[in-house]
Each structure stands twice: as structure tokens, then as C-alpha cells.
Trainee: 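Mind having a look at this structure? Questions to follow.
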Amino acid sequence: MKIILLGAPGAGKGTQAEVICERLSIPAISTGTIIREALKSGTEMGRKAKSYMEAGQLVPDEIVIGIIEERLAKGDCENGFILDGFPRTIVQAEALDKMGFPIDKVIDIEVTDEDIVARISGRRVCDNCGAIYHVRYKPSKVEGVCDKCGGTLSQRKDDQPETVKERLKVYHEQTEPLKEYYQKQGKLFIVEGEEHIADTTRKTLAILEEAQS
Ligand code: AMP
């Protein structure tokens, strides 16, 4: 199954992607994670993306479209994939439609801006493997240490309050119109993001299981 997870930054797309990835044994592809890795290893793409990312802006379409084209060509995407954080603009969605991977379901996780700001302040990410935690909703067993790999957990630079406001503005202006885009294709499913992650996961999986029958 080919799935897109839509939603504002901090709505919980990454966490849902982790669960679906395990449940359906298909890779979860996060453009944000790919860009952060490129930044860490100092590649040319990472250098180009850095200033946009740190300012809470979108990285130019041609860069992210290139990233996704390259990633979807890999063998592990043959049985499907979950896209987390792509597409984020109409131009990206149109490019994806042309790549020849017909999407089955688009799940939009809806959370109010107020809740987003509160949630993002508690988000922590493993510096080593990228696993996502939340100090209140999904704490690691040992504070500051990743359960999966023992890496150090830290707050993303772009999760600071001022940058979050900018990311939300960009989301409403450039990404939200994708809801209508996929609604017209008959692929959009809306999930109200719940306070407890497990409740959101239950709703998300119910939609995906429906899709398989
Ligand atoms: P994320 O981890 O999905 O919140 O992405 C973090 C940042 O990476 C975003 O704020 C953008 O700067 C950049 N980014 C990730 N995905 C995209 C995309 N599809 N288009 C443009 N920029 C992106």
C-alpha cells in the first residue's frame, strides 16, 4: 500500500509512520529525516537545505522532489511505502503523481495550532537513529536516552517556539491546500489527532485496514 501522511508539523505524522511501518512492513520515508541526515553528514544537498530548514521555511521543491525520486526507486519500496512530510506543496504533489506510484490513501492528522505548539515543545529526537519521543506523551525509559539505540535525545533546532510559528504559517499557506487536492482524487481520510498517541494510532490503522479489504 502506498500511503501519504499529511498534517501540520508536530501533528504526530512521524510517530504514526513508525507504527504503520512495523504493522505493514513497508518503509516510512521522511524527507525531514533525510534532509537532517544530509545536513549532519555535510553533503551538498544538506548545505543547500540548511538555511531554509533552520528558518522554518520549506526547502525548494526541486531539491525534495529529487530526494523522493531517488528514494522511491529503491527496491524496498516495491510493496509500498509511507510518505511522512512529502508532498508539502501542490508542485510536489503533481510531481509525485507523474512519478508513477499511484497513492492509495492520504491520511490527514488534524491537530489545532494551539495543541501543536504545546506538543512540539515536548518533542525529543534521537541524534543517532531519529526515533521520536515526547517528554509527556511518549517518554523514553531513561530520560534523555533513546530506548532503541542508546543515543542522546535532543530538541530539534526548528522545534524552538519562534520557528514553530513560522512552520505553522508555511503549513497553512502551502501544505493545507493539499487536502483539497487529494479530496478531489477521492483519497483523503481525516483523523482527529488525540491526546493519547495510541488512540490516534487505532483510528489510523482502522482506515488502513479498511483499505486492504
Ligand atoms: P519535518 O521533519 O517533516 O518537520 O521537516 C523538517 C523541515 O525539513 C521542514 O520544516 C522543511 O524545512 C524541510 N522539509 C521536509 N520535507 C519537506 C518537503 N516535502 N518540502 C520542503 N521542505 C521540506
Side-chain angles (χ1 to χ4, degrees), residues 2-18 20-21 27-41 43-72 81-99 101 103 106-109 111 113 115-117 119-134 153-179 181-182 193:
K2 301 179 191 70
I3 304 158
I4 291 173
L5 291 179
L6 272 185
K13 300 186 295 294
T15 308
Q16 296 305 318
E18 280 177 15
I20 303 167
C21 162
I29 300 168
S30 153
T31 36
T33 302
I34 295 173
I35 297 168
R36 275 187 292 279
E37 277 165 6
L39 220 150
K40 218 161 60 175
S41 47
T43 66
E44 198 194 331
M45 186 271 278
R47 276 197 299 276
K48 278 189 194 156
K50 189 171 189 276
S51 58
Y52 297 99
M53 197 173 196
E54 288 185 354
Q57 295 290 331
L58 293 185
V59 171
D61 286 330
E62 62 272 20
I63 298 182
V64 271
I65 290 168
I67 292 173
I68 284 293
E69 248 174 343
E70 207 176 286
R71 182 62 188 87
L72 295 185
F81 49 77
I82 309 143
L83 293 180
D84 158 19
F86 182 94
R88 261 175 154 108
T89 64
I90 297 282
V91 171
Q92 293 176 18
E94 287 170 347
L96 179 63
D97 279 345
K98 286 188 198 132
M99 283 179 213
F101 298 97
I103 299 298
V106 177
I107 298 180
D108 175 49
I109 304 172
V111 178
D113 285 7
D115 285 344
I116 290 286
V117 174
R119 281 178 187 218
I120 282 192
S121 64
R123 176 158 72 179
R124 300 291 179 270
V125 180
C126 174
D127 291 342
N128 182 46
C129 74
I132 307 157
Y133 297 85
H134 191 283
L153 304 185
S154 52
Q155 188 174 38
R156 280 168 46 176
K157 229 177 180 174
D158 60 346
D159 278 352
Q160 313 284 341
E162 277 316 303
T163 317
V164 171
K165 275 187 207 149
E166 182 59 26
R167 289 166 66 200
L168 276 173
K169 187 168 158 262
V170 167
Y171 166 75
H172 290 303
E173 285 171 3
Q174 301 194 53
T175 308
E176 222 170 7
L178 289 178
K179 283 200 263 178
Y181 182 90
Y182 288 115

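Whatever order the structure lists ligands and atoms in, that order sets their numbers, starting from 1.
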Trainee: Can you list the steps and then say if Lys40 with Glu37 is a salt bridge (Lys or Arg N to Asp or Glu O under 4.0 Å)?
Mentor: CA-CA 5 Å; Lys40 218 161 60 175; Glu37 277 165 6; over 6 Å; no

Trainee: So with a 6.0 Å cut-off around NZ of Lys50, is the heavy-atom count from everything else above 12?
Mentor: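 No.
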
Trainee: Is the shortest side-chain heavy-atom distance between Lys157 and Met53 below 4.5 Å?
Mentor: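 Counting from C-beta outward, Lys157 and Met53 never come under 4.5 Å.
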
Trainee: Could you tell me, for ligand 1, which of its N or O atoms are under 3.5 Å from any protein N or O, listing the pairs and their distances rounded to 0.1 Å?
Mentor:
residue, atom, partner, partner atom, Å
ligand 1, 2 (O), Arg36, NH1, 3.0
ligand 1, 2 (O), Arg36, NH2, 3.1
ligand 1, 2 (O), Arg156, NH1, 3.2
ligand 1, 2 (O), Arg156, NH2, 3.3
ligand 1, 3 (O), Arg88, NH1, 3.0
ligand 1, 3 (O), Arg88, NH2, 3.2
ligand 1, 4 (O), Arg88, NH2, 3.2
ligand 1, 4 (O), Arg156, NH2, 3.1
ligand 1, 4 (O), Arg167, NH2, 3.1
ligand 1, 12 (O), Gln57, O, 2.6
ligand 1, 16 (N), Thr31, OG1, 2.8
ligand 1, 16 (N), Gly85, O, 3.4
ligand 1, 16 (N), Arg88, NH1, 2.9
ligand 1, 19 (N), Gly85, O, 2.8
ligand 1, 19 (N), Gln92, OE1, 3.0
ligand 1, 20 (N), Gln92, NE2, 2.9
ligand 1, 22 (N), Val59, N, 3.0

Trainee: With a 4.0 Å cut-off on N to O distance, would you call Arg167 and Asp159 a salt bridge?
Mentor: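 Judged by the 4.0 Å cut-off on N to carboxylate O distance, Arg167 and Asp159 do form a salt bridge.
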
Trainee: Is the closest side-chain heavy-atom distance between Met45 and Ile34 below 4.5 Å?
Mentor: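 Yes - at least one pair of side-chain heavy atoms lies under 4.5 Å apart.
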
Trainee: Got a salt bridge between Glu44 and Arg47, using NZ or NE/NH1/NH2 to carboxylate O under 4.0 Å?
Mentor: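 Answer for the salt bridge query: no.
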
